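Taking it in order: structure first as structure tokens, then the write-up.
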There are 2 protein chains.
Amino acid sequence: MSPRTVFEHELKELKDNVTTMGLRVEETYAELFLALECRNEEEIYRILKSDRVVNEMERNIESRCLSLIAKQQPVARDLRTITASLKVVTDIERVGDHVSDIAELLIRLNMNPLSSYSGHLEPMVKAAKEMIRAAIEAFVSRNEEAAKDVIESDDIVDDLFNKVKQDLIEYLKKETKNADECIDVLMIAKYLEKIGDHAVNIAEWELFQETGEIGDTRLL
Amino acid sequence: MSPRTVFEHELKELKDNVTTMGLRVEETYAELFLALECRNEEEIYRILKSDRVVNEMERNIESRCLSLIAKQQPVARDLRTITASLKVVTDIERVGDHVSDIAELLIRLNMNPLSSYSGHLEPMVKAAKEMIRAAIEAFVSRNEEAAKDVIESDDIVDDLFNKVKQDLIEYLKKETKNADECIDVLMIAKYLEKIGDHAVNIAEWELFQETGEIGDTRLL
């Protein structure tokens with residue numbers, strides 16, 4: 001194989017690894033809320049234990065990116081692809097962390113359905129899930145338009161967070177004996193909002209892949 | 001100048017940039033809580049506006065790191081130094097973000113002293129501040145022992161977070177009319193805890209600089 005063919009093969013492998021890591025986090029997110037629906041606490045403990053795998057995937061991809069940059073001295077589009085992968089895994093891994101954070105809180109809440117605290121939580125779970133799915137899809141398929149859509153959709157999750165917060169404040173004012181539960185639920189909403197923020201970052205790394213720019217700043 | 005001398009000069013500049021960015025975030029943190037003490041709302045608005053500067057510093061350092069890796073093909077210790085800088089700026093920038101998040105909440109709380117909500121908040125502000133200072137110092141001066149101390153000290157901030165949370169729950173149970181304030185204060189405590197987490201990451205990047213390992217994983 002020519003050096004260029006070897007390099008292209010390595011780039012393809014890198015892309016496959018990022019895809020696998022992204023899908024893995026998406027799946028864990030879906031499994032978590034499915035486990036909540038079925039009140040399957042055992043499954044939630046399994047999800048908590050599996051977070052380590054995603055961290056290992058991140059390290060593995062970072063290591064590949066660095067060795068590709070050092071050995072192949074890529075330029076232009078190739079360098080942007082590798083750099084974007086090196087950065088995007090941080091955001092994907094943080095989503096995984098927040099899924100674990102939520103899992104811990106769901107156990108503490110005795111697997112109570114989220115809808116019992118605020119009618120805006122289930123729409124928020126759905127909206128954040130869709131943002132993550134769309135962001136990873138946009139990154140992997142290098143779809144600029146789809147990435148821009150994700151960035152625009154961030155307001156939906158932010159608005160829902162404020163609505164959940166308002167509901168919890170009203171709930172607290174009426175009934176204080178469940179104050180600690182309310183605070184845990186608020187934290188869940190905060191983690192969902194953060195997941196939306198990371199989806200926006202992932203979409204921004206897709207735009208960077210194409211243009212070398214992040215927001216208004218030229219990086220490469 | 002020989003190519004090696006040029007490269008060493010560039011590495012020195014990179015290190016200076018990371019130091020400047022770290023000090024800048026440390027300073028902003030200190031200024032924020034000083035402004036709260038003096039109830040100087042104008043100063044807090046100034047701090048909010050200045051967050052952009054730190055983001056630009058991050059992009060600038062990332063851009064330098066990538067161009068150094070691509071042009072100089074560094075190996076071993078040099079590659080670890082550059083990679084660590086590329087990753088550590090993400091954590092420093094997030095600390096800056098959380099300082100801004102806290103600034104917004106302090107304005108919403110009408111600059112009320114944090115001690116009026118929980119006696120554990122001021123110790124938490126001090127502990128997180130010390131963690132960030134020590135972590136940046138350990139990274140910049142390449143001090144492995146100091147980095148390990150930072151990693152061990154994370155429990156202090158985590159414990160204080162739980163105490164603040166407990167205080168707020170008690171407060172809420174007695175008096176619900178300030179529920180929205182309580183929730184804002186809880187968020188401030190959460191951001192302080194997150195700042196402690198980023199200090200731990202910064203300390204881990206120092207260890208990586210020396211060893212090429214992050215936790216139990218060999219990265220380079």
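Each chain gets a letter, A, B and so on, in the order the sequences are listed, and its residues count up from 1. In this text, all values refer to a predicted model and were calculated from it rather than measured experimentally.
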Exercise for review: For residues B/Lys165 and A/Asp180, determine if any side-chain heavy atom of one lies less than 4.5 Å from a side-chain heavy atom of the other.
Suggested key: no
Practice item. Examine whether an atom of B/Lys190 lies under 4.5 Å from a heavy atom of chain A, and if so say whether it belongs to the side chain, the backbone or both; otherwise answer neither. Key: side chain
Exercise for review: Decide, yes or no, whether a salt bridge links B/Lys194 with A/Asp97 under the criterion of side-chain N to carboxylate O below 4.0 Å.
Suggested key: no
Review point. Which bit of A/Leu86 comes within less than 4.5 Å of chain B, counting heavy atoms only: side chain, backbone, both or neither?
Key: both
Check your understanding: Does any heavy atom of chain A fall under 4.5 Å from the side chain of B/Asp78, the backbone, both, or neither of them?
Key -> neither
Practice item. Decide yes or no for A/Met187 and B/Leu186: does some side-chain heavy atom of the first lie under 4.5 Å from some side-chain heavy atom of the second? Key: yes
Practice item. Begin with the C-alpha distance, continue with both residues' side-chain angles, and end with the deciding distance and a verdict on side chain to side chain contact (heavy atoms under 4.5 Å, CB included) for A/Glu213 and B/Arg59. Key: CA-CA 10 Å; A/Glu213 285 169 26; B/Arg59 296 306 174 204; over 6 Å; no
**Study point:** Value rounded to 0.5 Å, distance of CG in B/Leu66 from NZ in A/Lys87
**Key:** 8.0 Å
Review point. Got a second to check how far A/Ile183's CD1 is from B/Leu168's CG, nearest 0.5 Å?
Key: 6.0 Å
Practice item. Could you look at A/Arg52 and say if it's the side chain, the backbone, both or neither that has a heavy atom under 4.5 Å from chain B? Key: neither
